[in-house]
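Report on the structure given below.
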Amino acid sequence: MAKQYWLVKAEPEDFSIADFEKSKNQTTYWSGVRNYQARNFIRDEMKVGDGVLFYQSNTEPTAVVGICKIVRSAYPDFTQFNREDKHYFPSATEENPIWFMFDVQLESKLKLPVTLAKIKTNSKLKNMRLVQRGNRLSVMPITKAEWDEIIKISEK
DNA sequence: GCCAACGTTGGC
DNA sequence: GCCAACGTTGGC
C-alpha cells in the first residue's frame with residue numbers, strides 16, 4: 001500500500017515535542033487512544049513508514065510542530081491491562097485486546113510551527129478534519145496534499 | 001433501541 | 001477556567 005499520512009495530537013502537559021526530542025532514538029510508543037474511530041485507523045491502516053505530523057493541543061499556540069514516521073505498526077496497548085493506569089480498560093483482556101498503540105519516531109522539528117490559526121485561513125487545508133466542527137480525533141488521516149502544504153508553510 | 005446523564009476534549 | 005461538542009454508559 002502507498003505511504004499514508006497522519007496527524008496525531010498530544011497535550012504538551014502529557015507529551016511535548018521536548019519530551020519527544022529527549023526520548024531514546026527520538027522514538028515513543030503512542031498509547032492511551034480510547035476512541036474507536038482512531039483505534040480503527042491505528043489497527044487497520046497505519047503502516048511502518050507512514051508520515052505523521054505531531055500537533056500540540058491545549059497550549060499556546062496550538063500548532064503542528066514536528067514531522068515523524070511510524071516505526072512500528074499496531075500492537076496491543078499495554079495500558080489497557082494495567083489496573084493502576086489512568087487508561088485501564090476492565091473489559092479488555094490479553095487474548096482480546098481492544099486498544100492498540102504504535103511506535104513513532106520524530107524526524108525533525110518544524111522550522112516554524114504551523115498554527116491552527118494558519119491552518120484555518122489556508123484554503124488548501126480547509127477540508128482537514130482538524131478544523132472541522134467538533135472534531136475530537138487524536139489520530140486522523142490527512143492527504144499528501146495537506147502534508148505537503150503544511151511542510152511548505154513551516155519553511156517560510 | 002432510545003435517550004438522558006455524564007465525562008472528556010480542546011479551542012478560546 | 002469556561003463551555004460547546006461529542007462519545008459513551010446505562011436505565012428503562
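Note that the coordinates shown come from a computational prediction; the quantities given were computed from them, not determined experimentally. Lettering follows sequence order; numbering is per chain, from 1.
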| Taking only residues at least two apart or on different chains, which pairs with a member in residues 22-36 of chain A satisfy side-chain hydrogen bond (donor to acceptor under 3.5 Å, both in side chains)? | R34(A)-D77(A), R34(A)-T79(A)
| request: Go through the structure and list residues passing side chain to side chain donor-acceptor pair (under 3.5 Å) with N135(A), not counting sequence neighbours. | output: none
| message | Heavy atoms within less than 4.0 Å of DNA chain C: which residues of residues 89-104 of chain A have one? Give them sorted by number. | response | none
| task | Using atom CD1 of I119(A) as one end and atom P of dC12(B) as the other, report the distance to the nearest whole Å. | result | 12 Å
| query | Is the Lys NZ or Arg CZ of R72(A) less than 6.0 Å from the centre of Y75(A)'s six-membered ring, within 45° of the axis? | reply | yes
| request: List for me each residue that meets salt bridge (charged side-chain N to carboxylate O under 4.0 Å, His left out) alongside E45(A), sequence neighbours excluded, and say none if there are none. | output: none
| task | Rounded off to whole Å, could you give me the CG-to-P distance for the L137(A) and dT8(C) pair? | result | 10 Å
| task | Rounded off to whole Å, could you give me the CE-to-P distance for the M140(A) and dT9(B) pair? | result | 14 Å
| remark: 5'-most contact on DNA chain C (nearest-nucleotide basis), N58(A) vs N135(A), goes to N58(A)
| In B/S/- notation, 5' to 3', how is nucleotides 1-7 of chain B contacted by protein heavy atoms closer than 4.0 Å? | ------B
| note | Between CG of L130(A) and P of dG10(B) the distance, given in whole Å, is 9 Å
| message | Give me each pair satisfying salt bridge (Lys or Arg N to Asp or Glu O under 4.0 Å) with a member in residues 91-107 of chain A, each pair once, sequence neighbours excluded. | response | K69(A)-E107(A)
| Of all residues at least two apart in sequence or in a different chain, which pass the side chain to side chain donor-acceptor pair (under 3.5 Å) check with N82(A)? | none
| query | CD of Q56(A) versus C1' of dG11(B): gap in Å, rounded? | reply | 15 Å
| What residues form a side chain to side chain donor-acceptor pair (under 3.5 Å) with R43(A), not counting sequence neighbours? | N40(A)
| How many Å lie between OH on Y36(A) and P on dT9(B), as a whole number? | 15 Å
| message | Test of understanding: with side chain to side chain donor-acceptor pair (under 3.5 Å), list the residues that count as partners of D14(A), not counting sequence neighbours. | response | none
| query | For F100(A), which residues count as a ring-ring contact (aromatic ring centres under 6.0 Å, His included) partner, sequence neighbours excluded? | reply | none
| query | Looking for any heavy atom pair under 4.0 Å, which part of the strands does R34(A) touch: base, sugar-phosphate only, or nothing? | reply | nothing
| query | Between K86(A) and dT8(B), does any side-chain N or O lie under 4.0 Å from OP1 or OP2? | reply | no
| request: With a 4.0 Å heavy-atom cut-off, tell me which residues in residues 6-17 of chain A come close to DNA chain C, sorted by residue number. | output: none
| Pairs flagged by side-chain hydrogen bond (donor to acceptor under 3.5 Å, both in side chains) wherever residues 108-123 of chain A is involved - sequence neighbours left out | N122(A)-E149(A)
| field | Basic-acidic side-chain contact under 4.0 Å: D148(A), K152(A) | value | no
